[in-house]
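Here's the structure, in structure tokens; my notes come after.
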Amino acid sequence: MKKKIAIFIYTTVLTVFLSACGGGDSDSGDTTPTPPIATPPATSVTTPMTVSANTINLSVDELGAVSTSINASNVNGSLSATNNYTGSGKVSVVVSGNTAKITFTASEMFNDKSEQFAVTIKDSKSSQTVNVTTNVSNVSATNKLSLLTSYAASLSQKSLFNDMTNIYRFYSSAAVLLGEISPADADSYQAQFSNTQMTAYSTLAASDTYSSAAINKIVSDYGSGLISEKDIDSVINGLQASAQAANTQLAATINEMATYSDKLPMVTPGELSMTITGLSSFVGNTSMGAYIDNEWVFNGEFVLIGKIISSTCAAE
């Protein structure tokens, strides 16, 4: 009997113990809590930097400067700029705020030329590249090409020595009117002058270097980039020497006429220069005058020469 009582008490205590330790049925009403869902932090969206132009085309004369600006938007942090120019000129890039100012300074050129370089604009997040093309004009060659073109046309039209011809006619007519020479002597001088002139035209026209065809080819070759301004200089130097030699011979006949009157100045031809009426060996001749306010003015003793070469009625 005591043994049964002991078994009952042991079973009861074990049941109570198991219930207290949660070892009973799952219907006890206890629940497991659900862990919270983690929310990722919000990310900020950065708008990339943009620039106002990706390609720039500029034009400038040799030894001149030209500037342009690039404006940047949505700049993150500070702006900086670099360039990769390696030519004979100079490029500077100055940043102020969100603007980069580009200045290109051209060097002396011997041909027209296009210079290319890139400017890289950077902020703290990104970079943009701007491609720049600068067309440089070799302006010092422009007047030289005009001189060559005018020379070729004058040689073809046989008007290269028009100034000399007008002065000779005036001097010869004055000498006859003053009774210093006879009409027959004037005819003899005229033949001498004409022969010298025709010989000069024939010599230049037959030249492989100074004929009209040769000069026009030089102008064309320069335009095609086959030769440089240095080549043009060499041709002009030789051409000037040949033309001046012919003009000096013509001047000898003119100066013989001048000996018959103290009113007629002796002439010394210089290099050919451009005028509004063509080429002249007197305009631009510093032994006879000077440029004043960009206008040629003959010295006092040569004012008559200026009137003769500017008059279409000089022979009269």
Side-chain angles (χ1 to χ4, degrees), residues 147-148 150-207 209-212 214-215 236-289 296 298-316:
L147 176 67
L148 290 178
S150 182
Y151 164 84
S154 297
L155 187 59
S156 295
Q157 299 163 8
K158 289 185 169 56
S159 60
L160 184 61
F161 306 112
N162 273 2
D163 279 359
M164 285 293 188
T165 300
N166 287 338
I167 294 172
Y168 169 78
R169 287 175 178 172
F170 185 94
Y171 278 29
S172 177
S173 298
V176 171
L177 290 173
L178 292 170
E180 298 293 340
I181 63 172
S182 67
D185 289 335
D187 290 341
S188 177
Y189 281 120
Q190 176 65 58
Q192 177 183 339
F193 184 89
S194 296
N195 287 338
T196 301
Q197 192 175 61
M198 292 309 298
T199 299
Y201 278 128
S202 298
T203 301
L204 292 172
S207 170
T209 307
Y210 307 125
S211 67
S212 295
I215 295 300
I236 288 178
N237 289 338
L239 182 154
Q240 289 283 19
S242 296
Q244 192 165 2
N247 274 324
T248 299
Q249 288 183 298
L250 295 173
T253 304
I254 292 173
N255 288 335
E256 193 168 349
M257 293 289 100
T259 62
Y260 295 116
S261 172
D262 60 359
K263 304 296 184 184
L264 302 176
M266 299 281 188
V267 297
T268 302
E271 292 188 342
L272 296 173
S273 62
M274 292 288 297
T275 72
I276 59 174
T277 57
L279 295 175
S280 174
S281 59
F282 298 111
V283 174
N285 185 342
T286 56
S287 69
M288 301 179 71
W296 180 257
F298 280 98
N299 296 336
E301 65 269 34
F302 297 113
V303 169
L304 176 62
I305 298 297
K307 292 180 178 180
I308 293 172
I309 65 176
S310 63
S311 172
T312 57
C313 303
E316 300 177 7

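For clarity, every value in this text was computed on a predicted model and none was experimentally measured.
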> Do T268 and M288 have side-chain heavy atoms sitting under 4.5 Å apart?
Replying inline: no
> Quick one: do the S172 and Q190 side chains pair a donor with an acceptor below 3.5 Å?
Replying inline: no
> With a 4.5 Å heavy-atom cut-off, do V283 and I309 have their side chains touching?
Replying inline: yes
> If you round to the nearest 0.5 Å, how far is OG1 of T259 from CE of M266?
Replying inline: 6.0 Å
> So, for Y171 and A258, which heavy atoms are closest and what is the spacing to 0.1 Å?
Replying inline: CE2-CB, 3.7 Å
>> If the condition is side chain to side chain donor-acceptor pair (under 3.5 Å), which residues does S182 pass it with, not counting sequence neighbours?
In response: D185
> Between CD1 of I308 and CZ of F170, what distance do you get to the nearest 0.5 Å?
Replying inline: 4.5 Å
>> Tell me if a side-chain donor or acceptor on S194 pairs with a main-chain N or O of A191 at a distance below 3.5 Å.
In response: no
> Do any N or O atoms from the side chain of T196 and from the backbone of L250 form a donor-acceptor pair under 3.5 angstrom?
Replying inline: no
>> When you compare the side chain of I167 with that of F282, does any pair of heavy atoms fall below 4.5 Å?
In response: yes
>> Once ring pair (Phe, Tyr, Trp, His ring centres under 6.0 Å) is applied, what residue pairs with a partner in residues 177-196 remain, sequence neighbours excluded?
In response: Y168-F193
>> Holding to ring-ring contact (aromatic ring centres under 6.0 Å, His included), I want the full list of residues that pass it with F161, two or more places apart in sequence or in another chain.
In response: Y201
>> Going by side chain to side chain donor-acceptor pair (under 3.5 Å), name the pairs with one or both residues in residues 241-253, residues two or more places apart or in two chains.
In response: Q192-T253
>> Taking side-chain contact (heavy atoms from CB on, under 4.5 Å) as the definition, give me every residue that meets it alongside V303, ordered by chain and number, with sequence neighbours left out.
In response: K307
>> Under the rule for side-chain contact (heavy atoms from CB on, under 4.5 Å), what residues qualify as partners of T203, not counting sequence neighbours?
In response: T199
>> Just to verify, what does F298 make a ring-ring contact (aromatic ring centres under 6.0 Å, His included) with, not counting sequence neighbours?
In response: W296
>> For N237, give me all partners under side-chain contact (heavy atoms from CB on, under 4.5 Å), at least two apart in sequence or on another chain.
In response: none
> Taking only residues two or more places apart in sequence or in another chain, which ones pass side chain to side chain donor-acceptor pair (under 3.5 Å) with S211?
Replying inline: none
>> Please report the interatomic distance CD(Q240) to OH(Y210), rounded to the nearest 0.5 Å.
In response: 10.5 Å
>> Going by the rule side chain to side chain donor-acceptor pair (under 3.5 Å), which residues pair with E271 if we only count those two or more places apart in sequence or in a different chain?
In response: none
> With a 4.5 Å limit on heavy-atom distance, are the side chains of L239 and I215 in contact?
Replying inline: yes
>> Suppose we screen for side-chain contact (heavy atoms from CB on, under 4.5 Å). Which residues come up paired with S261, at least two apart in sequence or across chains?
In response: L178, K263, L264
> How about L147 and L279: do any of their side-chain heavy atoms sit closer than 4.5 Å?
Replying inline: yes
> side chain to side chain donor-acceptor pair (under 3.5 Å): which pairs involve residues 152-164, sequence neighbours left out?
Replying inline: S156-S212, D163-S280
